[in-house]
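Before any comments, here is the structure.
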Protein chains: 2
Amino acid sequence: MRRSQDQRKAETRQRLLQAAGELIAERGVAGASVDALADAADRTSGAIYAHFGDKEGLLVALLDEWKDATGDAVRAEYEATDDEGARFAALWRNFVSPPPNASDAWVLLEHELWLYACRNERARSRVAARYDDARRALAQTLHASDGTSAEEVAALFIALMIGLEMQRRLDPDAITDETALAGLRALAHLRQPAENV
Amino acid sequence: MRRSQDQRKAETRQRLLQAAGELIAERGVAGASVDALADAADRTSGAIYAHFGDKEGLLVALLDEWKDATGDAVRAEYEATDDEGARFAALWRNFVSPPPNASDAWVLLEHELWLYACRNERARSRVAARYDDARRALAQTLHASDGTSAEEVAALFIALMIGLEMQRRLDPDAITDETALAGLRALAHLRQPAENV
DNA sequence: TGATTTCCGTAACGATCCCTATATAAAGCT
DNA sequence: AGCTTTATATAGGGATCGTTACGGAAATCA
């Protein structure tokens, strides 16, 4: 089969990015060598350097691609119901046990890249933008039922789910679904601080 | 000055552990080489291998030492006031900008070791125990004002603070103190799910 | 005080790692 | 069909890493 250069290049880039996501989630940024990353994509290190310049360039590109593909899948399942409890449950379930087709360990990759961004100028702004997008997307999905700022609630939601998943990953019994849902409900209905004024 | 072997050994161990905490927070587990770790403690790699066997042994020892020294400092400042708002504010402030004497980047170290534990059998149980201790200590401090499980609220508190600090570290303007405190208040007073039954 | 043990410094090895320079094969062009 | 360009493979260098083997000085013991 004949394929154009552009097709070949695009496919290689795609393979490299996907393999990077999976392997880094599994082994960490430092634990995934350039050769291993290329190998996982059925290419060689030469392809990585031709596409991204260096290892950091691959990571930055990985962040850029992820930036866009965040909120869509979440929103679909979220809006399948009208009941608030079921909605929050869907949100939480999606977070702690993502659909098996998606890379199982994307939360690990998230932490890995966050940590990388904390120490790397170039990556920091990208990860920050990614979180900003996530907040906005979730805020739009929640569409501000109360007078409180939707983006504020979104930030709290994301924070709570990340923190709970961290604890649960180490000890699955430490965090029950009921606890998580109760927390989300409480945050969703936060009132102005001065209820008693 | 004459010093006994035990004193010398104990001091070396102490120096190695403290230097490890600081350097790993700064560079990450993989980024802090054994020689660099020893250097930061004014020792050489030989000392590390004599004390801990290998690099992983040093990390495990670091986790064990940390396990104990968690909740005490928090509790003191927390109980300085009776007002709930001021208490939560102290908790949050302590988390996002720890006292300058303590290693500034201990939250980074926390993430670093959590990520390490996710991929390492031997470390996982220790970090899990550490989180369990943190939950219990905070639960005891909150001393269950409502009928809800104090440990449940503690888990939610920790989760929220971790997640908010992650977002704030990338973008200090993303999370205001008011948002954080509103979230803590909401979680503190979570009622049973069925308020309407 | 001489012998022994303990603690840690020193030196070096093999394995990896990131990256560069160059080769190769396919596609595009005329 | 030749010539050029592009995309990736190949080979290898220089640096760094974790680890081990051994040496030497101080403390302990007799």
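In the text below, chain A, chain B and the rest are named by the order of the sequence lines, each starting its count at 1.
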Between the protein and nucleotides 3-7 of chain D, list the N/O to N/O atom pairs that are separated by less than 3.5 angstrom.
unit_1: D:dT6; atom_1: O2; unit_2: A:Gln5; atom_2: NE2; d: 3.3
unit_1: D:dA7; atom_1: OP1; unit_2: A:Lys9; atom_2: NZ; d: 3.4
unit_1: D:dA7; atom_1: O4'; unit_2: A:Arg8; atom_2: NH2; d: 3.1

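- With sequence neighbours excluded, no residue satisfies ring-ring contact (aromatic ring centres under 6.0 Å, His included) with B:Trp92.
- Taking A:Glu56 as the reference, A:Asn120, A:Arg122 meet the side chain to side chain donor-acceptor pair (under 3.5 Å) condition, with sequence neighbours excluded.
- Rounded to whole Å, the distance from CD1 on B:Ile48 to C1' on C:dC7 is 14 Å.
- Across all their heavy atoms, B:Gly57 and B:Asp54 have their closest contact at N-OD1, 2.9 Å.
- For A:Gln7 and C:dA26, the CD to P distance is 16 Å, given to the nearest whole Å.
- Atom pair B:Arg13:CZ and C:dT6:P shows a separation of 18 Å (rounding to whole Å applied).
- With rounding to whole Å, A:Arg43 atom CZ is found 13 Å from C:dA26 atom C1'.
- The aromatic rings of B:Trp114 and A:His111 sit tilted relative to each other, their planes meeting at an angle between 30° and 60°.
- The side chain of B:Ser4 lies closest to D:dT28 when the candidates are C:dC19, D:dT28, D:dT20.
- The two residues B:Ala25 and B:Ala105 come nearest to each other via the heavy atoms CB-O, 3.5 Å.
- As a whole-Å value, the separation of B:Asp39 CG from D:dT16 P is 14 Å.
- Between the side chain of A:Arg185 and the main chain of A:Gly85, no donor-acceptor pair closer than 3.5 Å is present.
- Minimum heavy-atom separation, B:Met161 to B:Phe95: O-CE2, 3.3 Å.
- If you take CZ of B:Arg15 and P of C:dG9, they are 10 Å apart, rounded to a whole angstrom.
- If you check the side chains of A:Gln18 and A:Glu22, you find a donor sitting under 3.5 Å from an acceptor.
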Measure all distances between protein nitrogen or oxygen atoms and nitrogen or oxygen atoms of nucleotides 14-18 of chain C, and list the pairs falling under 3.5 Å.
unit_1: C:dC18; atom_1: OP1; unit_2: A:Lys55; atom_2: NZ; d: 2.6
unit_1: C:dC18; atom_1: OP2; unit_2: A:Val34; atom_2: N; d: 2.7

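- Smallest separation of non-hydrogen atoms from B:Leu160 and A:Leu156: CD1-O, 3.6 Å.
- A distance-only check finds no donor-acceptor pair linking the side chain of A:Arg136 to the backbone of A:Glu151 [under 3.5 Å].
- Here the C1' atom of nucleotide C:dC19 and the CG atom of A:Leu37 are 14 Å apart, to the nearest Å.
- Axis angle across the helix from C:dT1-D:dA30 to C:dT30-D:dA1, with five pairs used at each end and values rounded to 10°: 10°.
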Name each donor-acceptor pair under 3.5 Å that joins a side chain in residues 39-52 of chain B to protein atoms two or more places apart or in another chain, with its distance.
unit_1: B:Asp42; atom_1: OD2; unit_2: B:Arg15; atom_2: NH2; d: 3.4
unit_1: B:Arg43; atom_1: NE; unit_2: B:Thr12; atom_2: OG1; d: 3.0
unit_1: B:Arg43; atom_1: NH2; unit_2: B:Thr12; atom_2: OG1; d: 3.4

